[in-house]
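What follows is a short report on a single structure.
All values below were derived from every heavy atom in this structure, side-chain atoms included, with hydrogens, water molecules and symmetry-related copies excluded. Protein chains get the first letters and strands the later ones, always in sequence-line order, with residue 1 at the start of each.
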Amino acid sequence: MLFSKFFIPTLRETPAEAEAISHVLMLRSGYVRQLASGLYIYLPLAWRVMNKINKIIREEMDAVGAQEISMPGLHPAEIWQKTGRWSDIGDEMFRLKDRGGRDMCLGMTHEEIITWLASVEIRSYRDLPRIWYQIQTKFRDEARPKSGILRTREFIMKDSYSFDRDEDGLEGSYQKHAAAYHRIFARCGLKFYQVQSDPGMMGGAAAHEFMAPSPAGEDTIVLCSKCGYAANTELALSVPPPQKITGAENPPIPPLTKGGEGGLEDIPTPDKRTVAEVSNFLKAHPSCFIKSLLLIGEDGPFLALVRGDRELHEKKLTKIAGEFRAARKDEVKEILGVEAGFIGPHNNKLKKIADVSLKEGIYITGANREGFHTKGIKPGVHFEAEWHDIHIAQEGDKCSVCGAEIRLEKAIEIGNIFKLGTKYSRPLKAIYLDENGKDRTVIMGSYGIGPARIAAAAIEQNHDKDGMIWPQSIAPFDIEIIPLDLGDGEIMKTAETIYKDLTNERVEALMDDRPERPGVKFKDADLIGIPYQIIIGKKGLKEGFVELKSRRTKETQRTAPSDVVKRVKERRLNAS
RNA sequence: CGGGGCGUAGCGCAGUCCGGUAGCGCACACGGUUCGGGACCGUGGAGUCGGAGGUUCAAAUCCUCUCGCCCCGACCA
């Protein structure tokens, strides 16, 4: 391909609206243009990358026996009404009416549609198992599109769906997908983790996400390098380290009473309400405090208790206690008779859900008395509670499985796998007859990959100050040929010969035949990030060599023009 | 949906507080000199100042409304 004929509108300056590195680089190096918030045009370079990614996905999906189909992007409302999602899903679904006034929507995902197909076509246990997939556009009216192509309102997704006779079958399909996904992401040159995730509104029992670590990621994952525990913080368990009493000038230890048993002591803490304020005032570490949060649940008010140095995990608590909201100021006063800054778990009969980190230790909490905190609180002694892990895992916590220290990383979700069970097959009546002629509901799984996110993650993980550095497997071209002087007959003859030879060898080469100065060509080549460059200049040619340069390492190998094709092929083999 | 920021030439920005003929750099076109890491000189074209309404002799600038884009949070099937 000739650079002069190929549309690569590189930018010298960084566009103002871009923040994420992948976004900045994709704009600057002429890969994408933004049409509107969350809507992007993929220019030729980006589209080549997408096609390479999709090709890898197809190969690996086909290899586990999946079959590609294509479903409509426009759906009738009726089918979404049958599964209840027409009303469960809010503004995120694009809705419209056809000319006959029928409700329609743009597909955000295709569980309903594929299950409809299964319900019509799958009759017998002999028709199972099945895996069907497509690579197709989805529409979601995102509350906040962001980070370039990482979160958009229209995007391409590989989505596959498995249909099995029973749970064992589903487990098999699930593992097939997990294995295929590992191969896909590895082949795309990504660093990634498979982590436990929240099945959420998809319903069903188990779910995992595939996460590419990157500061641009929207998710945080918890990782244990000792036992391999890996989970999204939306559900990750962890064990906070013991409370820090040492060094405290005012430890939460209660004064001794006659019986030798620790009693409670109220200490004045005027106008000190937050953990930070009281901790500062009393010179005691935040882990010596109990944070008491008054919440209003479906069955009335209750207290959520977490240690002062940890945050309440609302999602975890919702799973335990159902929907809730924070109590308003006047409600706190009415229910506990005291301002929010001074409430504590003792002296009241409210239902309490406490974080497991509070099981050990002695604490300071609000005294349920204006301007006072109470010292010497022993959970289990001075108050009773239901115990659960309801804190957000954070750096410094220990692994809940093996006790080793965990670490947290930001990550981009590039794929997910869900065990759906019968959430869709039951309402849509995807039923088969088993060997005994008995009706059974098909067991389903759903599995997604975001090709654009693979591309963005690849850039986030592979770039330097000069631009992108594509993994060989998904690079838009294998190599860029850079003849430095178009006016020099020998340079051009050498460049054209190499270009032709590479093309004959099915190496995809981009030749920068523009009448630009060398500096411009070098800068653009580094920006667009093709993994290898062949630089052909007057000086080298005089001594009989061209330069084969690695974009990543910037290492340059002097090579005879006649050898360069061979060398390139060697490198490609090593890379894959 | 809550909080913040920004809309001026294709791109990056100044000018807005304090109203008075719309500017700079890059890019673009032409001529010349250059040619191994975003060259230099000269000439030139290009702007409904996001939009609507208002105040004023006069509005990019002040007021009201509105649209769009970005960032943080909420949400994320």
In whole angstrom, what separates I392(A)'s CD1 from rG73(B)'s C1'? 13 Å
Have a look at V32(A) and tell me which of L27(A), L45(A), L43(A), I41(A) forms a side-chain contact (heavy atoms from CB on, under 4.5 Å) with it. L27(A)
Find the distance R153(A):CZ to rC75(B):C1' and express it as a whole number of Å. 15 Å
Just how far, in rounded Å, is P of rG73(B) from CD of E142(A)? 15 Å
Could you run down the sub-3.5 Å N/O contacts of the protein with nucleotides 33-35 of chain B?
{"residue": "rU34(B)", "atom": "O2", "partner": "R517(A)", "partner atom": "NH1", "Å": "2.5"}

Mind calculating the distance between NZ (K146(A)) and C1' (rG5(B)) to the nearest angstrom? 16 Å
Side chains of H391(A) and S238(A), heavy atoms from C-beta outward: is any pair under 4.5 Å? yes
From CG of D524(A) across to P of rA27(B) the rounded distance in Å is 12 Å
Can you measure D512(A) atom CG to rG38(B) atom C1' for me and round it to whole angstrom units? 13 Å
Just so I know, are the side chains of I414(A) and F185(A) near enough to count as touching, which here means a heavy-atom distance under 4.5 Å? yes
rG5(B) and rG10(B): how far apart are their C1' atoms, nearest whole angstrom? 24 Å
Taking the six-membered ring for Trp and the single ring otherwise, decide whether the centroids of F418(A) and Y447(A) are under 6.0 Å apart. no
Ignoring hydrogens and angles, answer whether the base of rG37(B) and the side-chain atoms of D526(A) contain a donor-acceptor pair closer than 3.5 Å. yes
Starting from P on rC1(B), measure out to CG on D91(A) and report it in whole angstrom. 8 Å
I'd like to compare against my own output: the B/S/- annotation of nucleotides 41-48 of chain B with a strict under-4.0 Å heavy-atom distance to protein. --------
Measure centre to centre between the rings of H23(A) and Y40(A), then say whether the value is under 6.0 Å. yes
Are W47(A) and Y31(A) close enough that their ring centers fall under 6.0 Å? no
Same-atom distance (C1') from rG3(B) to rU21(B), integer angstrom: 41 Å
Is any N or O donor-acceptor pair between the side chain of R33(A) and the base of rG10(B) shorter than 3.5 Å? no
Paired to rG19(B) by Watson-Crick or G-U wobble criteria (both distances under 3.5 Å) is none
Could you give the CG-to-P distance, from D464(A) to rG37(B), as a whole number of Å? 18 Å
What I'd like to find out is whether the side chain of W80(A) reaches to under 4.5 Å of the side chain of H75(A), using heavy atoms alone. yes
Below 4.0 angstrom from OP1 or OP2 of rA27(B), is there any side-chain N or O of R12(A)? yes
Donor-acceptor pair under 3.5 Å: do we get one between K523(A)'s side chain and the base of rG36(B)? no
For atom C1', what is the distance between rC26(B) and rG45(B), given to the nearest Å? 16 Å
Less than 4.5 Å apart, side chain to side chain, heavy atoms only: is that true for R140(A) and T109(A)? yes
Minimum-distance nucleotide to V520(A) side chain [options: rG36(B), rC71(B), rA39(B)]: rA39(B)
Please state whether the rings of F192(A) and F210(A) are parallel, tilted or perpendicular, taking 30° and 60° as the class boundaries. tilted
Polar atoms only, N or O, under 3.5 Å: list the protein pairs with nucleotides 11-14 of chain B and their distances.
{"residue": "rC11(B)", "atom": "O2", "partner": "E13(A)", "partner atom": "OE1", "Å": "3.4"}
{"residue": "rG12(B)", "atom": "OP1", "partner": "A16(A)", "partner atom": "N", "Å": "3.0"}

Contact under 4.0 Å: R144(A) side-chain N or O vs rC72(B) OP1/OP2: yes
Of all the choices, rG36(B), rC69(B), rG38(B), which nucleotide is nearest to the side chain of E547(A) once you look at every atom? rG36(B)
Whole-Å P distance, rG50(B) and rG32(B): 40 Å
